[in-house]
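Whatever order the structure lists them in is the order used to number ligands and atoms, beginning at 1.
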Amino acid sequence: MREPPQNDNPSNAGSTTEEDPPLALEPVRGLCGSTTVPGDKSISHRALILGSLSSGEMKIENLSTGEDVQSTRRCMDQLGVPIEGFGEELRLSGIGQGPLKEPECVLDVGNSGTTFRLLAGLLSAQPIFSTLTGDGSLRARPMDRIVKPLRQMGARIWGREDGRFAPIAIQGGPLSPIRYDSPIASAQVKTALILAGLYLQGETTFVEPYLSRDHTERMLRYMGADLVSDRSTVLLRGGSRIEARDIEVPGDPSSAAFLVVGALITTRSELEIRQVCVNPTRIGYLKILERMGASVELGRPREVCGEPVADLAVRSSALRGTTIQAEEIPGCIDEIPILCVAAAFAKGKTIITGAEELRVKESDRIAAMASNLAEMGVVVAERPDGLEIQGRGGVEAFSGRSWHDHRIALSLIVAALAAKGPSRVLGGDCMNISFPGFLERIAPLIES
Ligand code: S3P
């Protein structure tokens with residue numbers, strides 16, 4: 001486990017530094033109007049990777065412009081997949097069954113755990129040699145969760161501490177399909193094994209304790225692969241062709257969560273967020289917020305490229321505390337920091353349990369939120385697997401630290417919108433990892 005932030009040891013340093021000037025933020029009365037959020041990060045990574053493996057040319061619209069997805073794009077480029085255009089619309093030409101190009105240099109995924117783990121699975125099955133690394137945060141995150149099952153399939157992988165940490169080197173080659181009973185619910189582990197199993201003759205089966213986000217399964221089905229899933233089990237029959245099909249990436253529900261909570265905790269908000277992915281494996285946070293008394297309505301439900309999409313309508317709401325159980329965590333894994341902010345603005349106690357995975361995200365998010373909430377004057381207790389937050393309907397003006405973690409930075413910025421005075425966020429620039437232009441996007445919505 002990494003050092004908690006209280007030790008003042010930023011061993012998890014990401015691509016930005018907290019030495020940049022802090023963001024100075026004033027409280028606002030509300031967020032009003034209609035807006036959108038950037039394309040979903042998880043779907044964007046998968047569109048680039050699966051598109052690269054398809055037979056033919058395809059168009060991707062509304063790809064996330066965040067730094068993490070740019071890392072995937074850069075790596076695919078190094079692996080010999082030509083990708084043209086940027087953001088709104090890009091085109092790529094997949095390699096079909098043909099091998100990827102052996103990269104001439106190290107593949108650097110920056111801060112992106114998804115890029116690292118998905119590519120490790122893919123590259124294990126390719127007849128090429130590759131090395132993968134990333135920034136300080138990435139190099140401190142556990143990689144044995146993918147290395148272990150990939151080695152069971154026969155993958156040849158070397159890395160620090162016997163493959164526990166990046167950098168890792170992979171000599172790809174023939175693998176054998178396996179059934180893997182994963183001890184953790186993880187879409188990254190699931191997708192790594194599916195990507196390794198794509199080229200094999202035989203069935204790769206992945207079973208997880210709870211269903212994690214299922215974008216890979218949906219996109220593979222959309223592109224014609226032979227894959228069946230039932231609750232938390234996925235079965236892939238290897239060797240099927242992936243058809244090139246245009247993909248429109250819906251808005252990122254995890255990014256929308258910052259706007260949703262911003263609208264809920266400010267007093268005069270009426271906000272619409274259009275075109276958001278409402279895949280049930282991603283919107284657990286909306287169910288939790290509803291339980292807390294939030295007014296959020298889903299309008300115009302539709303399906304876009306195999307993913308459910310809707311418009312969200314949010315109004316300022318008086319929130320109450322709740323208990324978040326272990327089985328709910330996979331459905332809101334990336335939203336716990338912003339749910340902590342909602343809990344601080346709620347009245348009553350919120351208990352979060354079964355969230356130990358948060359300790360190995362871009363930062364130790366349990367420790368990072370505990371220290372930031374305490375800085376806001378909130379009574380908070382840190383547990384090994386979660387937090388206990390005594391909500392008192394608001395927070396004091398504060399000076400918070402992002403710990404180089406984009407979701408902590410964005411959560412602090414949202415808390416500052418409704419704090420009792422002007423606040424400061426140190427290291428806020430890392431929000432560009434997932435939500436570039438967040439401040440510019442909310443500026444026209446602000447009621448001051
Ligand atoms: C992701 C899966 C989740 C999530 C991450 C993105 C993905 O990680 O936290 O931000 O795109 O597959 P785990 O699979 O490790 O839970």
Less than 4.0 Å is my threshold; does some heavy atom of H215 fall inside it relative to ligand 1? no
Going by the order shown, which atoms of ligand 1 are within less than 4.0 Å of some heavy atom of A187? 12 (O), 14 (O)
Could a heavy atom of H45 be found less than 4.0 Å from some atom of ligand 1? no
Scan side-chain atoms only and decide if R302 and Q275 contain a donor-acceptor pair under the 3.5 Å cut-off. yes
Within 6.0 angstrom of E89 CD, more than 12 heavy atoms from elsewhere: yes
Is it the case that atom CD in E84 sees more than 12 heavy atoms from other parts of the structure closer than 6.0 Å? no
Side chains of T133 and R139: do they bring a donor and an acceptor to under 3.5 Å? no
Within the 4.0 Å heavy-atom shell around I333, which atoms of ligand 1 are there? 9 (O)
Quick check on R46 - does any of its heavy atoms sit under 4.0 Å from an atom of ligand 1? yes
Enumerated ligand 1 atoms positioned under 4.0 Å from heavy atoms of S186: 13 (P), 14 (O), 15 (O)
Using a strict 4.0 Å cut-off to heavy atoms of K361, name the atoms of ligand 1 that fall inside it. 3 (C), 4 (C), 8 (O), 9 (O), 13 (P), 15 (O), 16 (O)
Decide whether an N or O pair under 3.5 Å exists between E357 and ligand 1. no
Hey, is ligand 1 close enough to D334 that some N/O pair sits below 3.5 Å? yes
Electrostatic pair E303:R218 at N-O distance under 4.0 angstrom: no
Does a donor on one side chain sit under 3.5 Å from an acceptor on the other, for S44 and S64? no
Atom 1 (C) of ligand 1: closest protein heavy atom, distance to 0.1 Å, is Q188 NE2, 3.6 Å
S254 and E335: side chain donor to acceptor below 3.5 Å: yes
Sub-4.0 Å atoms of ligand 1 with respect to non-hydrogen atoms of T114: 1 (C), 6 (C), 7 (C), 11 (O)
Which residue and heavy atom of the protein sit nearest atom 11 (O) of ligand 1, plus the separation: S42 OG, 2.7 Å
Test item: side-chain donor near acceptor, H215 and S42, under 3.5 Å: no
